[in-house]
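Below, chains carry the letters A, B, ... as their sequence lines are ordered, and counting in each starts from 1.
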Amino acid sequence: MRPRIFPKIVDILLVENHSGDVRLVEEALREGKLLDGLNVELAADGQEALDFLYRKGPFADAPRPRLILLDLNLPKKDGRDILDTIKKDVELRTIPVLVLTTSDSPTDLAKAYELGANGFVTKPDDLDQFFEAIKDLQHFWFDIATLPSENIA
Amino acid sequence: MIGRHRKQVLVVDANPGDIRLIQTILGAPPKIPFTFKSDGRQVSQALDQLARSASLPPIDVHAVTSAEAALEYLHRKGDYAEAPRPDMIIMDLALPKMTGLELITSIKADKKLLNIPVVVFSGSDAPEDIREAYHRKANCYITKPNDVDEFAKAIKGLERFWMAVATLPAPSKD
């Protein structure tokens with residue numbers, strides 16, 4: 001496989017296998033005015049997410065993402081396992097991980113925070129609310145919160 | 001989304017002025033400008049803002065000025081025997097004896113407390129502090145703005161994300 005080319009800074013690694021949801025998140029991010037400059041990269045399953053973070057195979061040149069949006073139910077490797085792996089890794093654990101899922105199960109919620117998720121967002125069914133949620137998320141994490149500044153090695 | 005029951009927020013900050021500001025801003029209704037021109041767009045924006053703020057739960061703010069007091073509060077010791085469990089903690093790093101970083105560690109090492117989101121709201125913008133706070137599992141880090149309007153904006157944005165967008169962990173039945 002040929003190595004992929006990445007921008008220098010990846011603001012968001014979106015780990016999501018439903019292409020409809022990928023589309024919605026990207027559209028919502030684009031709608032948020034400040035957003036033009038945000039680079040979003042996609043990992044379409046759990047294994048790809050880990051390959052991206054550990055720079056394996058085609059992801060050899062992948063930069064460290066500033067924030068991760070993680071779905072829970074993913075093919076190949078479950079979102080909970082990925083969360084656990086990231087938060088147990090001394091190097092990766094400082095990257096904020098927001099769980100973004102259709103699940104509103106209290107078990108998933110409790111487990112995610114226990115594993116060290118930085119936040120848990122249930123995707124609203126309503127399209128307008130979905131857009132609002134993503135815009136509020138983006139505004140909070142990119143305009144208000146301070147993300148760790150890693151030296152992009 | 002979620003329940004409309006009152007949310008409990010614990011603020012840990014050595015500066016009483018900052019505590020006061022946070023208390024005033026959190027849960028306060030949005031300011032609606034009275035000088036409408038008969039401009040439909042402005043009116044609908046204002047209504048939109050009102051509707052959005054109506055989706056926020058009412059908040060009770062509890063405040064302590066040291067990490068030691070925060071731990072007493074969280075473990076319901078002494079004066080805090082009846083204290084409600086916070087749904088979220090907003091804390092400064094610069095605290096008198098035990099430091100904020102130490103407080104994060106001790107919250108996140110405690111099985112009963114670790115799932116309470118900890119938002120660091122700190123005057124420091126030193127990269128080491130930011131990195132260290134995330135490393136110790138703070139849920140997020142905000143650099144406290146000096147400007148009062150920016151300060152208010154930060155608190156409002158924080159409220160919006162954590163109280164309306166994110167789902168907070170359910171209160172444990174302890």
- [ ] Answer yes if B/I142 and B/V148 sit in the same cluster of Ile, Leu, Val, Met, Phe, Trp and Tyr residues linked by side chain heavy atoms under 4.5 Å apart, and no otherwise.
- [x] yes
- [ ] Treat each ILVMFWY residue as a node, draw an edge where side-chain heavy atoms are under 4.5 Å apart, and state whether A/L127 and A/V25 are in one component.
- [x] yes
To the nearest 0.5 Å, how far apart are [atom1] in [X] and [atom2] in [Y]?
X      : Y      : atom1 : atom2 : result
B/K111 : A/E114 : NZ    : CD    : 7.5 Å
A/L115 : B/K137 : CG    : NZ    : 9.5 Å
B/I155 : A/I144 : CD1   : CD1   : 9.0 Å
B/L168 : A/L109 : CG    : CG    : 8.5 Å

Open item on the list: Taking the side chain as everything from C-beta on, heavy atoms only, tell me whether A/L147 gets closer than 4.5 Å to B/Y134.
Closed with: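 Touching, per the 4.5 Å side-chain cut-off.
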- [ ] Please tell me if the side chains of A/P148 and B/Y141 come closer than 4.5 Å, counting only heavy atoms from C-beta onward.
- [x] no
Heavy-atom cut-off 4.5 Å, strictly under: side chain, backbone, both or neither for [X] against chain B?
X      : value
A/L137 : both
A/P96  : side chain
A/A117 : backbone
A/L98  : side chain
A/V90  : both

Quick check on [X]: does its [atom1] atom have over 12 non-hydrogen neighbours (other residues, nucleotides or ligands) under 6.0 Å away?
X      : atom1 : result
B/K108 : NZ    : yes
A/K111 : NZ    : no
A/D126 : CG    : yes
B/D147 : CG    : yes

Open item on the list: Between A/R93 (side chain only) and B/H135 (backbone N and O only), is there a donor and an acceptor less than 3.5 Å apart?
Closed with: yes
Task: chain B contacts, top residue of A/I134, A/D136, A/V121 (heavy-atom pairs, under 4.5 Å) - done: A/D136
Task: B/A133 portion near chain A, given a 4.5 angstrom heavy-atom threshold - done: neither
TODO: Name the orientation class of the two ring planes belonging to A/F140 and B/F161 (parallel below 30°, tilted from 30 to 60°, perpendicular beyond 60°).
DONE: parallel
Open item on the list: I need the minimum non-hydrogen distance between A/Y113 and B/N115, along with the two atoms involved.
Closed with: CB-CB, 3.8 Å
- [ ] Heavy atoms only, distances under 4.5 angstrom: which of B/I130, B/N139, B/L114, B/V120 has the most pairs with chain A? Name it, please.
- [x]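 Answer, by heavy-atom pair count under 4.5 Å with chain A: B/N139.
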